[in-house]
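One-based numbering, in listed order, for ligands and for the atoms of each. The model shown is predicted, which means the values in this text are computed figures rather than measured ones.
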Amino acid sequence: MVNSISVLGSTGSVGRQTLEAAARLRVKILALAARSNISLLEEQARRFHPHLAAVYDETAAKTLRIALGDTDTRVVSGEGGLLEAACIAGADAVCAAVSGAVGLLPTLAAITLGRRICLANKETLVCAGALVTAAAREHGAEILPVDSEHSAIFQCLQGKSRDELRRILLTASGGPFLGRSREQCAAVTPEMAVRHPNWSMGAKISVDSATMMNKGLEFIEAMHLFGVAPEQIEVLIHPESVVHSMVEFVDGSVLAQCAVPDMALPIQYALTYPARLSSQTARLDFNAFAALHFSAPDLAAMPCLALAMELARRGGNLPCAMSAANEAAVALFLAGKIGYNAIYDRVAAACQRIEFTETPTLENILDTDERARELVYAM
Ligand code: NDP
Ligand code: MG
């Protein structure tokens, strides 16, 4: 159980829920960080009294500095501010809940301090999984998954050794367009894509859930978190989102973790681990379900998932290129500049043009990230 934390991305969907969990558990908030939503950040600073509030946007940071002038919260800005928030003295854990690859450097910095990482920001592991997990081993930092599927797998693996694990069954709701062909998705608008049937989330991950890129990112996230090969992960469509994922052991036994779809639970477990504390999460009523369904994904209708699985096998800097290209393409789609199917087209084309590096350094990763975005914007 942690006593004090820093929350990166505190104004987002996971960040806000993390603050509520921290308030319930009486965990102290030492630092907050966001990009530009300073009205909410000010409210959070006045409620939680952090030592530090980091605002990525310089102009917004200046405004917040004036607004919080009567408080003890110091306001910092830019990439340096985000790093300061990640490394704030006295915190036992960092909740990495920013969206996108901007989470990589602050998360790595907190890892080198040996802090617990409550990781929602899957892009960090997709971009630089080998570097991040090696640094965590070297510095004794625990990475606790907040992503519900990975929390489920982590919970199923408690008390088991890795050589008892045969494979992971990664479940996916299938998103709002399950059953539609690629042609039938051509006219999907941002408003349609961000409406998820089972979960309420930030815009980028909601679009990723619709395209199934989210499951592709989670496939790669699982490889790094649990040290498994791509052949050991099977994706299963499970529209009810009751089974959050499963683990099959070498003797053929399968364990599943089930709960209502509510991020409050994996967030709380990452904060209280190894303890399990009581929570206000609604209880699962199995009587409410006539049936639970599981099926193999239709990869032809889900090309983003197929691409991610292929690049997961090829490895190197390709998952980083894919994730960065996807961030850029989703931003263009949300801004109304490209169509829904162009997300996959641009990501796939950018990945084809990236120079392959088998064992990327951090510098290679940062270069790949920048290059992939440039390619998408230039198409
Ligand atoms: P949101 O879009 O709701 O929130 C993103 C947060 O990141 C906001 O606080 C935003 O600040 C902040 N942010 C974005 N860019 C920067 C930056 N450059 N510097 C500092 N802060 C920044 O996202 P979600 O909460 O939905 O998702 C966050 C992460 O968690 C993602 O990686 C996602 O994949 C993962 N995740 C989310 C789940 C969910 O249920 N939402 C479930 C599982 C994983 P501002 O508000 O100022 O823009
Ligand atoms: Mg998930």
Side-chain angles (χ1 to χ4, degrees), residues 6-20 31-44 52-61 63-64 76-86 94-107 117-127 145-154 170-175 194 196 198-209 212-222 225 235 238 241 243-245 257 261-267 270 323 326-327 330-331 334:
S6 166
V7 182
L8 311 182
S10 64
T11 54
S13 167
V14 173
R16 281 179 272 127
Q17 295 181 77
T18 301
L19 292 183
E20 292 312 323
L32 298 171
R35 178 176 42 199
S36 59
N37 184 354
I38 49 170
S39 54
L40 182 53
L41 203 53
E42 178 180 353
E43 215 177 278
Q44 294 178 341
L52 201 71
V55 187
Y56 197 84
D57 182 279
E58 305 279 349
T59 317
T63 312
L64 185 66
V76 290
S77 64
E79 183 120 21
L82 193 55
L83 281 172
E84 233 188 292
V94 173
C95 296
V98 295
S99 177
V102 70
L104 172 60
L105 294 179
T107 303
I117 308 294
C118 302
L119 187 77
N121 180 243
K122 60 193 84 181
E123 294 91 342
T124 283
L125 278 181
V126 175
C127 284
V146 167
D147 212 345
S148 57
E149 295 79 357
H150 304 76
S151 175
I153 297 160
F154 181 74
L170 184 67
T171 56
S173 70
V194 298
H196 194 278
N198 303 349
W199 299 92
S200 155
M201 309 177 286
K204 192 248 171 193
I205 184 177
S206 296
V207 175
D208 288 348
S209 298
M212 291 292 281
M213 179 57 92
N214 183 52
K215 211 46 58 180
L217 298 174
E218 290 184 353
F219 187 99
I220 301 169
E221 182 186 12
L225 273 174
V235 176
H238 168 50
S241 295
V243 175
H244 294 305
S245 276
Q257 186 263 347
D262 182 350
M263 286 303 293
L265 202 150
I267 290 170
S323 180
N326 179 60
E327 263 192 64
V330 170
L334 286 171

What's the spacing between [X] [atom1] and [Y] [atom2] if we round to 0.5 Å?
X	Y	atom1	atom2	value
Asn326	Leu217	CG	CG	6.0 Å
Asn37	Asp57	CG	CG	11.5 Å
Leu8	Cys118	CG	SG	10.5 Å

Should the proximity of Glu123 to ligand 1, defined as any heavy atom under 4.0 Å, be assigned to the side chain, the backbone, both, or neither?
->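 Contact part for Glu123 vs ligand 1: side chain (C-beta onward).
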
Applying side-chain contact (heavy atoms from CB on, under 4.5 Å), run through Asn214 and Lys122 and close with a yes or a no.
-> CA-CA 9 Å; Asn214 183 52; Lys122 60 193 84 181; 2.6 Å; yes

[X] N/O to ligand 1 N/O under 3.5 Å:
X	result
Tyr56	no
Ser200	no
Asn214	no

Has Met263 got any heavy atom lying under 4.0 angstrom from an atom of ligand 1?
->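 Yes, Met263 has heavy atoms under 4.0 Å from ligand 1.
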
Determine whether any heavy atom of Ala33 lies closer than 4.0 Å to an atom of ligand 1.
->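 Ala33: no contact with ligand 1 (<4.0 Å).
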
What residue and heavy atom of the protein are closest to [atom], and at what distance?
atom	value
atom 16 (C) of ligand 1	Arg35 CB, 3.5 Å
atom 28 (C) of ligand 1	Ala97 O, 3.3 Å
atom 12 (C) of ligand 1	Gly9 CA, 3.9 Å
atom 34 (O) of ligand 1	Lys122 CE, 3.2 Å
atom 27 (O) of ligand 1	Val14 CG2, 4.3 Å
atom 3 (O) of ligand 1	Ser13 N, 2.9 Å
atom 43 (C) of ligand 1	Asp147 OD1, 3.1 Å
atom 2 (O) of ligand 1	Gly202 CA, 3.8 Å

Would Glu327 and Lys204 pass as an ion pair if we require N to O under 4.0 Å?
-> no

Side chain to side chain contact (heavy atoms under 4.5 Å, CB included), paired with Val14, selected from Asp147, Ile205, Leu19, Val146 =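 Exactly one pass, corresponding to Val146.
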
Can you list the atoms of ligand 1 that are under 4.0 Å from a heavy atom of [X]?
X	result
Ala120	30 (O), 32 (O), 35 (C), 36 (N), 44 (C)
Thr11	8 (C), 9 (O), 10 (C), 11 (O), 45 (P), 46 (O), 47 (O)
Asn37	46 (O), 47 (O)
Asn121	32 (O)
Val102	17 (C), 18 (N)

Side chains of [X] and [Y] in contact at under 4.5 Å (non-hydrogen atoms):
X	Y	answer
Gln257	Leu265	yes
Ser13	Arg16	yes
Leu170	Ser245	yes
Lys215	Glu149	yes

Any sub-3.5 Å donor-acceptor pair from Thr171's side-chain atoms to His238's backbone N or O?
->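 Flag not set: sc Thr171 to bb His238 has no pair under 3.5 Å.
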
Main-chain N/O of Leu32 paired to Gln44 side chain as donor or acceptor, under 3.5 Å |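 No, Gln44 side chain to Leu32 backbone: no donor-acceptor pair under 3.5 Å.
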
Please determine, by modelled atom types, if Asn198 and Ser241 share a side-chain donor-acceptor pair under 3.5 angstrom.
->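 Yes, side-chain donor-acceptor contact under 3.5 Å.
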
Return the set of residues passing ring-ring contact (aromatic ring centres under 6.0 Å, His included) with Phe219 (not counting sequence neighbours), or none when no residue passes.
-> none

Taking the Mg ion (ligand 2) as the centre, count the protein N/O/S atoms lying under 2.8 Å from it.
-> 3

Which is closest to atom 31 (C) of ligand 1 by heavy-atom distance: Leu32, Ile205, Leu119, Val98?
->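 Nearest option to atom 31 (C) of ligand 1, by heavy atoms: Val98.
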
